[in-house]
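Have a look at the structure below, then the notes.
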Number of protein chains: 2
Amino acid sequence: MTDSPNDVTPDRLSKADALPPSDQHAQQYVAVRNAHETELLEDYVELIADLLQHQGEARSTDIAARMGVSQATVSKTVARLKALELVSSKPYRSLFLTKKGEAMAAMSHQRHAIVLKFLRALGVSDRTARIDAEGMEHHVSQETLDIMQRFTRERER
Amino acid sequence: MTDSPNDVTPDRLSKADALPPSDQHAQQYVAVRNAHETELLEDYVELIADLLQHQGEARSTDIAARMGVSQATVSKTVARLKALELVSSKPYRSLFLTKKGEAMAAMSHQRHAIVLKFLRALGVSDRTARIDAEGMEHHVSQETLDIMQRFTRERER
DNA sequence: TTAATATTTTAGCCAAGGTTAACTTGTAGG
DNA sequence: CCTACAAGTTAACCTTGGCTAAAATATTAA
């Protein structure tokens with residue numbers, strides 16, 4: 001490599017947007033991979049909080065049904081959540097959030113709500129907004145969240 | 001369970017939005033999991049297309065650097081891409097897209113561009129918009145994409 | 001209180017997506 | 001032409017997040 005005379009000079013070939021420098025480019029993907037790591041944990045914790053609030057109890061059966069996953073999978077993931085001290089429970093009993101878990105659930109819930117309301121304010125149908133929000137919420141930075149929130153408020157007035 | 005007299009009646013306890021019915025709720029998560037399956041493949045294919053266009057060549061070193069990942073990882077993923085007939089190449093040589101791969105890259109690129117432009121039109125800074133777009137692009141439905149596109153066009157006028 | 005049913009856990013399996021270390025192949029320079 | 005370095009591959013390993021089947025524990029109803 002390294003600057004041979006017949007190097008392709010991108011600017012002459014491509015319409016507009018060139019590639020960002022490698023290291024900056026890499027950071028984008030790293031950010032996405034990091035998000036993926038906590039994504040599932042956040043979903044669980046958020047769902048547990050919802051169940052506690054709405055049904056008074058968080059049982060793995062319900063989690064399995066709502067996540068569209070087998071009970072065995074829930075068991076395994078809950079074990080991880082307990083190891084991370086996000087969830088507490090006695091064997092064969094229903095689940096509770098630790099302080100740490102509650103904090104995560106609250107943040108997660110708030111982000112989710114902001115994205116969902118934003119999509120609806122944009123004019124996206126309820127059904128689609130719900131699906132998209134679920135996927136998007138873990139990939140929206142604070143900066144963007146602030147802007148979404150402002151946008152939604154303006155539309156509401 | 002099942003309607004005991006002292007069942008918690010959610011509506012009295014919670015502020016607004018109750019939980020959606022289980023099966024509908026599950027579909028949201030299923031949709032996200034499905035998106036995750038193709039996500040990485042799309043990113044690779046999109047990046048390969050970019051490299052081909054901007055540098056005339058797609059080499060695994062560059063992919064590794066830009067994805068922030070080891071070369072071994074690239075090798076393995078490329079093997080998968082080849083098995084799926086998205087990419088073709090001879091051992092130790094650089095990579096090409098099949099027709100199928102090109103189609104996927106084109107779609108992916110377009111979605112990415114729509115989301116990125118939308119975020120910028122919203123007022124998100126370039127750096128943040130790039131990161132968020134990378135994460136969001138795989139979770140935005142066609143309906144939302146259309147709305148984003150319309151929004152961006154209106155702002156441009 | 002005991003038997004049937006429901007729920008939770010455990011064990012064993014699999015694929016994806018990472019890693020490092022060691023090996024192979026390709027390419028430039030002397 | 002051959003040697004050094006760069007690039008690509010392979011092997012062996014790890015974790016995550018799914019699954020099914022079987023075992024353990026709770027709950028309900030007779």
Side-chain angles (χ1 to χ4, degrees), chain A residues 1-7 22 26 29-45 47-48 51 55 57-84 86-96 138, chain B residues 1-7 22 26 29-45 47-48 51 55 57-84 86-96 138:
Chain A
M1 277 260 287
T2 59
D3 291 80
S4 74
N6 58 354
D7 237 11
S22 283
Y29 292 108
V30 171
V32 174
R33 284 202 298 277
N34 288 342
H36 281 160
E37 272 179 34
T38 40
E39 198 163 321
L40 190 73
L41 289 325
E42 286 176 0
D43 285 343
Y44 267 77
V45 153
L47 178 54
I48 291 169
L51 287 171
Q55 343 247 45
E57 202 185 19
R59 327 202 53 204
S60 6
T61 303
D62 295 352
I63 297 175
R66 299 200 106 87
M67 298 274 297
V69 119
S70 75
Q71 274 178 280
T73 299
V74 173
S75 255
K76 236 203 312 190
T77 307
V78 166
R80 256 178 84 215
L81 291 168
K82 285 165 87 168
L84 294 168
L86 293 163
V87 161
S88 68
S89 78
K90 297 196 195 144
Y92 295 95
R93 311 262 68 146
S94 62
L95 309 175
F96 300 93
H138 307 282
Chain B
M1 277 257 293
T2 58
D3 291 78
S4 75
N6 59 352
D7 237 12
S22 283
Y29 292 108
V30 171
V32 173
R33 286 202 298 275
N34 288 343
H36 280 159
E37 272 180 34
T38 41
E39 198 162 322
L40 190 74
L41 290 324
E42 285 177 1
D43 284 343
Y44 267 77
V45 152
L47 178 55
I48 291 169
L51 287 170
Q55 341 247 43
E57 204 184 18
R59 328 202 53 204
S60 5
T61 305
D62 295 352
I63 297 175
R66 300 199 105 89
M67 298 274 298
V69 119
S70 75
Q71 272 180 283
T73 298
V74 173
S75 257
K76 239 203 310 190
T77 307
V78 166
R80 256 179 86 217
L81 292 168
K82 286 166 86 168
L84 295 168
L86 293 163
V87 161
S88 68
S89 78
K90 298 194 194 146
Y92 296 98
R93 308 254 80 135
S94 63
L95 309 175
F96 299 94
H138 306 283

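In what follows, every chain begins at residue 1, and chains take the letters A, B, ... in the order their sequences are listed.
Across all strands, A:Thr61 comes closer than 4.0 Å only to sugar-phosphate atoms, never to a base (heavy-atom distances). Base contact: B:Ser75 has a heavy atom under 4.0 Å from a base atom. If you check every strand for non-hydrogen atoms under 4.0 Å, A:Ala79 touches nothing.
Residue A:Leu95 is the one, among A:Leu95 and B:Thr77, whose nearest nucleotide of DNA chain C lies closer to the 5' end (criterion: closest heavy atom). Comparing A:Val78 and A:Arg33 by the nucleotide of DNA chain C that holds the closest heavy atom to each, the one mapping nearer the 5' end is A:Val78.
Using modelled atom types, no side-chain atom of A:Arg66 and backbone atom of B:Tyr29 make a donor-acceptor pair closer than 3.5 Å. Side-chain atoms of B:Arg33 come within 3.5 Å of backbone atoms of A:Gly68 as a donor-acceptor pair (strictly under, hydrogens ignored). Judged by distance alone, with hydrogens and angles left aside, the side-chain atoms of A:Thr77 form a donor-acceptor pair with the main-chain N or O of A:Thr73 at under 3.5 Å.
Between the CG atom of B:Asn34 and the C1' atom of C:dA16 there is a distance of 15 Å, rounded to whole Å. Atoms NZ (A:Lys76) and C1' (D:dA21) sit 14 Å apart, rounded to a whole Å. Atoms CG (B:Asp43) and C1' (C:dA16) sit 15 Å apart, rounded to a whole Å. Rounding to whole angstrom units, CD of residue A:Glu37 and P of C:dT19 are separated by 11 Å. The distance from atom CG of B:Asp62 to atom C1' of D:dA6 is 12 Å, rounded to the nearest whole Å. The distance from atom CG of B:Leu41 to atom P of C:dA15 is 16 Å, rounded to the nearest whole Å. The interatomic distance linking A:Glu39 (CD) with C:dA16 (C1') rounds to 15 Å, in whole Å. Summarising the geometry, the separation between CZ on A:Arg59 and P on C:dT5 is reported as 18 Å, rounded to the nearest angstrom.
Remark: B:Tyr92, B:Arg93 in residues 87-94 of chain B come within less than 4.0 Å of DNA chain C through at least one heavy atom. The stretch residues 63-70 of chain B does not touch DNA chain D, since none of its heavy atoms comes less than 4.0 Å from the strand.
Between A:Leu41 and A:Val45, every side-chain heavy-atom pair lies at or beyond the 4.5 Å cut-off.
The distance from atom CG of A:Leu47 to atom CG of A:Asp62, rounded to the nearest 0.5 Å, is 8.5 Å. The structure places CG of B:Asp43 at 9.5 Å from OG1 of B:Thr38, a figure rounded to the nearest 0.5 Å. Here CD1 of B:Ile48 is found 10.0 Å from OG of B:Ser94. Values are rounded to the nearest 0.5 Å.
Partners of A:Ser75 under the side-chain contact (heavy atoms from CB on, under 4.5 Å) rule, at least two apart in sequence or in another chain, do not exist in this structure.
Contact annotation: A:Gln71 side-chain N/O to C:dT8 OP1/OP2 distance is under 4.0 Å.
For A:Thr73, counting side-chain heavy atoms from C-beta on, the closest listed nucleotide (C:dT19, D:dG18, D:dA7) is D:dG18.
With B:His138 as the partner, the side chain to side chain donor-acceptor pair (under 3.5 Å) test is satisfied by one option alone out of B:His36, B:Glu42, B:Glu37, B:Glu39: B:Glu42.
A:Ser89 and A:Lys82 share a side-chain donor-acceptor pair at under 3.5 Å.
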